[in-house]
Amino acid sequence: MALPYSASIRPATPDDAAALAELGRRTFLETFVEEFAIPYPQADLDRFIAEVFDISVIQVRLEHPDHVWDVAEIDGVIGAFSETGPASMPHPDLKPEHGELRRLYVAREHQGKGLGKALLERALARMDEKPGPQWLSVWSGNLKAQALYRAYGFEKAGEYGFPVGDWRDHEFIFRRG
């Protein structure tokens with residue numbers, strides 16, 4: 001997909017860990033706390049942020065050979081990213097060798113510019129190389145993201161409680177293929 005302005009997409013490197021940790025944390029809070037107003041207990045939210053977006057956690061996942069990250073840069077600043085890796089959600093048909101879109105985050109100020117679609121298409125092309133279906137999870141209330149994934153051939157295949165600390169988000173499991 002051609003981007004409508006001067007953005008570039010490239011593989012993430014370990015040097016991107018701090019920017020990815022900050023963007024992931026900020027985008028999660030903007031989306032789920034501010035926009036969707038999910039009432040996470042503060043202790044659960046703090047624990048989740050530390051477990052998922054701490055720079056040391058991001059560094060480990062960036063260096064893991066089964067996880068692939070791409071970033072979209074605008075004027076040298078990372079404005080969006082995707083992460084693919086082995087499938088790991090609780091679904092009876094899912095196998096670890098299947099591909100999973102683990103994250104697709106676009107900063108609020110860069111939404112609607114084609115970054116998410118460009119990163120998604122790149123992630124899907126990579127996951128096409130793996131055997132079996134492709135997987136992702138999406139919050140049950142995020143209708144915009146669900147519509148995007150359906151446009152790319154994903155269909156709802158299940159539901160589960162996505163852990164944010166001890167809180168459980170009502171998450172949909174989507175499958176393609």
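No experiment lies behind these values; they were computed from the predicted model shown.
Partner of F48 under the ring pair (Phe, Tyr, Trp, His ring centres under 6.0 Å) criterion, out of F32, F28, Y40, W167: F28 alone.
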Requested in this report: Would you please test H91 and R175 for side chain to side chain contact (heavy atoms under 4.5 Å, CB included) and show each step?
Outcome: CA-CA 10 Å; H91 190 281; R175 173 178 50 208; 3.7 Å; yes
Query raised in the report: Given I74 and L115, is the side chain to side chain contact (heavy atoms under 4.5 Å, CB included) satisfied, shown in steps?
Result: CA-CA 10 Å; I74 302 93; L115 297 178; 3.6 Å; yes
Query - Derivation of the side chain to side chain contact (heavy atoms under 4.5 Å, CB included) call for Q111 and K144 - result: CA-CA 12 Å; Q111 291 179 6; K144 182 179 172 184; 4.0 Å; yes
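For the pair R126 (side chain) and T84 (backbone), a donor-acceptor distance under 3.5 Å is absent. Between the side chain of E100 and the backbone N or O of S88, at least one donor-acceptor pair lies under 3.5 Å. Proximity of a side-chain donor or acceptor of D169 to a complementary backbone N or O of E171 within less than 3.5 Å is not detected. Between the side chain of D44 and the backbone N or O of D166 there is at least one donor-acceptor pair closer than 3.5 Å. Checking side-chain atoms of H110 against main-chain N and O of A80 turns up no donor-acceptor pair under 3.5 Å.
Hydrophobic clustering of Ile, Leu, Val, Met, Phe, Trp and Tyr side chains at less than 4.5 Å, counting indirect connections, unites L119 with F174. Both Y105 and W69 sit in one connected hydrophobic cluster of ILVMFWY residues. Membership requires side-chain heavy atoms under 4.5 Å apart, directly or through other members. With hydrophobic clusters built from ILVMFWY side chains whose heavy atoms lie under 4.5 angstrom apart, V138 shares a cluster with L101. Note on F36 and V33: same hydrophobic cluster, where clusters join Ile, Leu, Val, Met, Phe, Trp and Tyr whose side-chain heavy atoms are under 4.5 Å apart, directly or indirectly. Under the 4.5 Å side-chain heavy-atom criterion for Ile, Leu, Val, Met, Phe, Trp and Tyr, F172 and L104 are members of the same hydrophobic cluster.
Of all heavy-atom pairs between D66 and P86, the closest is O-CD, 3.5 Å. Minimum heavy-atom separation, L62 to T13: CD1-O, 3.6 Å. Residue G79 comes nearest to L23 through the heavy atom pair C-CD2, 3.7 Å, listed as atom of the first residue, atom of the second, then distance. Taking both residues in full, the closest heavy atoms of G99 and M127 are given as C-SD, 3.6 Å, listed atom of the first, atom of the second, then distance. In plain terms, the two heavy atoms of F53 and R25 that are nearest each other are O-NH1, 3.3 Å. The two residues V57 and A50 have their closest heavy-atom pair at CG2-O, 4.0 Å.
E121 and Y152 form a side-chain donor-acceptor contact under 3.5 Å, judged by distance and modelled atom types alone. Between the side chains of S140 and E159, not a single donor N or O lies within less than 3.5 Å of an accepting N or O.
Heavy-atom contacts from other residues, nucleotides or ligands closer than 6.0 Å to CD of E22 number more than 12.
Note that NE2 of H64 and CD of E83 are 10.0 Å apart. Values are rounded to the nearest 0.5 Å. We find the CG-NZ distance between L124 and K117 to be 13.0 Å, quoted to the nearest 0.5 Å. Between the CZ atom in F81 and the OG1 atom in T27 there is a gap of 6.5 Å [rounded to 0.5 Å]. Atom CG of residue L45 and atom CG of residue L29 lie 5.5 Å apart, to the nearest 0.5 angstrom. Taken from CD1 in I173 to NZ in K156, the straight-line distance is 10.0 Å, to the nearest 0.5 Å. Here the straight-line distance linking atom CD1 of I55 with atom CG of D16 works out to 10.5 Å at 0.5 Å rounding.
Between D128 and R176 there is a salt bridge, with a side-chain nitrogen of the basic residue lying less than 4.0 Å from a carboxylate oxygen of the acidic one.
Between R103 and R61 the shortest side-chain heavy-atom distance falls below 4.5 Å.
Using a 30° and 60° split on the angle between ring planes, F154 and Y149 fall in the perpendicular class, above 60°.
Here the two rings, on F162 and W139, have centers that are 6.0 Å apart or farther.
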